[in-house]
Participant: 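Let me give you the structure first, and then I'll get to my questions.
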Amino acid sequence: MRHSLFSIVRNAIGGNRGWPAQWREAAPKPEYDIVIVGAGGHGLATAYYLAREHGISNIAVLEKGWLGGGNTGRNTTIIRSNYLWEESQKLYEHALKLWETLSQELNYNVMYSPRGVMMLAHTVHDVQSAQRHIHANRLGGIDNEWITPEQAKAFCPLLNIEANIRYPILGAALQRRGGVARHDAVAWGYARGASALGVDIIQNCEVTGIDRAPSGEVTGVQTTRGAIRARRIGVVAAGHTSVLMAMAGVRMPLESYPLQALVSEPVKPIMSCVVMSNTVHAYMSQSDKGELVIGAGTDAYTSYSQTGALHISAHTLDAICELFPAVRRMRMLRNWGGIVDVTPDRSPIIGKTPVPGLYVNCGWGTGGFKATPGSGHVFAHTLATGAPHKFNAPFTLDRFRSGRLIDEAAAAAVAH
Ligand code: FAD
Ligand code: PYC
């Protein structure tokens with residue numbers, strides 16, 4: 001951790017910018033400059049940067065449930081920027097750089113911990129794919145290195161590198177600047193920062209309709225707490241984007257799938273890095289509370305259920321026990337799912353839509369937590385100026401018409 005005892009105490013008592021300890025729960029007003037649908041990390045970060053960098057604070061962030069209760073509070077918090085294509089590298093590296101100073105920026109300890117993310121290779125195909133990513137990353141100025149099984153074992157002593165196991169380890173790609181953060185704190189930190197700058201955060205307020213003028217542009221939203229007028233609307237509702245966009249008559253190239261994770265009973269520190277294996281659909285790290293944080297692959301079928309099929313988790317636990325035999329007798333405390341929306345090229349969509357005034361930020365699939373600060377930052381720019389930031393310019397909705405796809409299927413790091 002890069003935080004002094006002073007900064008931890010200062011954050012715990014509410015910071016030194018005169019910010020309140022918490023965000024302010026607001027009642028909806030009849031009209032705002034901008035309405036953001038979804039109070040996950042991305043929506044809240046968008047509101048924060050709109051207020052902080054663009055001076056626009058007449059904003060409502062509308063959340064159908066509770067703040068951070070979607071994927072932001074359900075994910076396994078892996079942060080990395082080792083993507084294949086230049087477009088993605090720039091976007092995720094932009095986010096990674098923001099992570100590095102986010103606790104200071106928000107004056108709230110988001111517990112960003114760059115402890116290293118190691119991605120295992122079990123087959124010749126894995127080796128080739130990992131090395132291709134490493135070369136591409138290094139050309140793009142992003143750290144990523146190939147390590148041998150012995151070096152992987154030295155980095156993560158819990159790992160079984162014997163040659164006769166079901167998923168033998170042939171080597172690994174290691175991004176040392178990758179790591180984890182505390183997901184709740186990210187939502188709370190952005191919420192507190194945005195709220196202090198005048199943004200209204202409104203929970204238990206589901207958007208049920210998007211209003212448009214006869215000439216086509218958006219005029220506001222219908223919600224379970226009444227109608228709200230706004231000439232700019234940003235939909236940031238992971239998993240449910242298609243449902244919302246259909247309210248404005250826009251069909252999205254998205255499918256929604258459950259993705260699951262589990263945590264074990266807490267134990268003393270046994271693992272100081274993140275280990276992922278795409279091929280066997282399993283990855284693990286240890287939280288500061290001591291729980292082993294374990295992630296599985298997506299379900300095979302589309303669904304809006306925040307659970308997921310049990311056989312997917314069972315398969316993941318099989319693999320975890322093979323890779324880390326020392327944890328075989330540990331008990332699992334909790335298992336849950338989140339709904340991720342996935343694009344055909346496994347890259348996000350951030351920008352304008354065919355409906356004037358309607359903007360969308362979605363399609364992060366299994367990997368948007370790491371992007372939270374960067375996504376909010378570039379989306380705020382787009383909403384404020386009506387033009388893309390240089391880092392989200394390639395991530396248009398139109399690419400599914402033009403064919404300029406950004407195929408990151410192999411970088412997704414989770415089976416899907
Ligand atoms: P969310 O946090 O889901 O926020 C969207 C919000 O919109 C929700 O709170 C929802 O209630 C709200 N909403 C929906 N419909 C409406 C409506 N009609 N009206 C009002 N509000 C609405 N990514 C990584 O980078 N690293 C990981 O290790 C990682 N692990 C993951 C593990 C799991 C199990 C899951 C499920 C996801 C994981 N992800 C990971 C992906 C990551 O969690 C998401 O991409 C990211 O959190 C999306 O953030 P968000 O703010 O866009 O969405
Ligand atoms: O994108 O690194 C990732 C990830 C890990 C688990 C789910 N997504």
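Both counts, for ligands and for their atoms, begin at 1 and track the order of listing. The chain is numbered in sequence order, starting from 1. Computed from a prediction, not measured in an experiment: that's the story for all the values here.
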Participant: Is Gln260 touching ligand 1 with its side chain, its backbone, both, or neither, if touching means heavy atoms under 4.0 Å apart?
Facilitator: backbone
Participant: Going by the rule ring pair (Phe, Tyr, Trp, His ring centres under 6.0 Å), which residues pair with Phe391 if we only count those two or more places apart in sequence or in a different chain?
Facilitator: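 Ring pair (Phe, Tyr, Trp, His ring centres under 6.0 Å) list for Phe391, sorted by chain: His94, His389.
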Participant: Among Trp23, Tyr48, Tyr108, which one satisfies ring pair (Phe, Tyr, Trp, His ring centres under 6.0 Å) with Tyr190?
Facilitator: Tyr48
Participant: Can any side-chain N or O of Gln89 pair as donor or acceptor with the backbone N or O of Leu84 at less than 3.5 Å?
Facilitator: yes
Participant: When the side chains of residues 234-248 are checked against the rest of the protein, which donor-acceptor pairs come out under 3.5 Å, sequence neighbours left out?
Facilitator:
{"unit_1": "Thr241", "atom_1": "OG1", "unit_2": "Ala237", "atom_2": "O", "d": "3.4"}
{"unit_1": "Thr241", "atom_1": "OG1", "unit_2": "Asp341", "atom_2": "OD2", "d": "2.5"}

Participant: With only distance considered, is Thr72 within less than 3.5 Å of ligand 1 through an N or O on each side?
Facilitator: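 Min N/O separation from ligand 1 is below 3.5 Å for Thr72.
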Participant: Examine distances only and state if a side-chain atom of Thr316 and a backbone atom of His281 form a donor-acceptor pair shorter than 3.5 Å.
Facilitator: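 Yes; judged by distance alone, with no hydrogens or angles, the pair exists.
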Participant: In the protein, which heavy atom is nearest to atom 4 (O) of ligand 1, and how far is it?
Facilitator: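 It is Gly40 CA, 3.3 Å.
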Participant: Where is the nearest protein heavy atom to atom 1 (P) of ligand 1: which residue, which atom, and how far?
Facilitator: Asn71 N, 3.5 Å
Participant: Among all the protein's non-hydrogen atoms, which is closest to atom 6 (C) of ligand 1, and how far away is it?
Facilitator: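 I find the closest protein heavy atom is Glu63 OE1, 3.5 Å.
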Participant: By number and element, which atoms of ligand 2 are closer than 4.0 Å to a non-hydrogen atom of Arg80?
Facilitator: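 Here the atoms of ligand 2 in question are 1 (O), 2 (O), 3 (C).
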Participant: Give the residue and atom name of whichever protein heavy atom lies nearest to atom 17 (C) of ligand 1, and the separation in Å to one decimal.
Facilitator: Val207 N, 3.8 Å
Participant: So does Arg229 pair up with Asp211, basic N to acidic O under 4.0 Å?
Facilitator: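 Salt bridge: no.
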Participant: Is ligand 1 under 4.0 Å from a heavy atom in the side chain of Leu44, in the backbone, in both, or in neither?
Facilitator: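 None of Leu44 does.
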Participant: Taking both backbone and side-chain atoms of Ala371, is any N or O found less than 3.5 Å from an N or O belonging to ligand 1?
Facilitator: no
Participant: Select the closest option to atom 53 (O) of ligand 1 among Gly70, Ala238, Gly41, Gly38, judged by heavy-atom distance.
Facilitator: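 Nearest heavy atom to atom 53 (O) of ligand 1 lies in Ala238.
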Participant: Please write down residue, atom name and distance for the protein heavy atom closest to atom 25 (O) of ligand 1.
Facilitator: Lys370 N, 2.8 Å
Participant: Could you find the nearest protein heavy atom to atom 43 (O) of ligand 1 and give me its residue, atom name and distance?
Facilitator: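 Ranked first by proximity to atom 43 (O) of ligand 1 is Asn75 CB, 3.0 Å.
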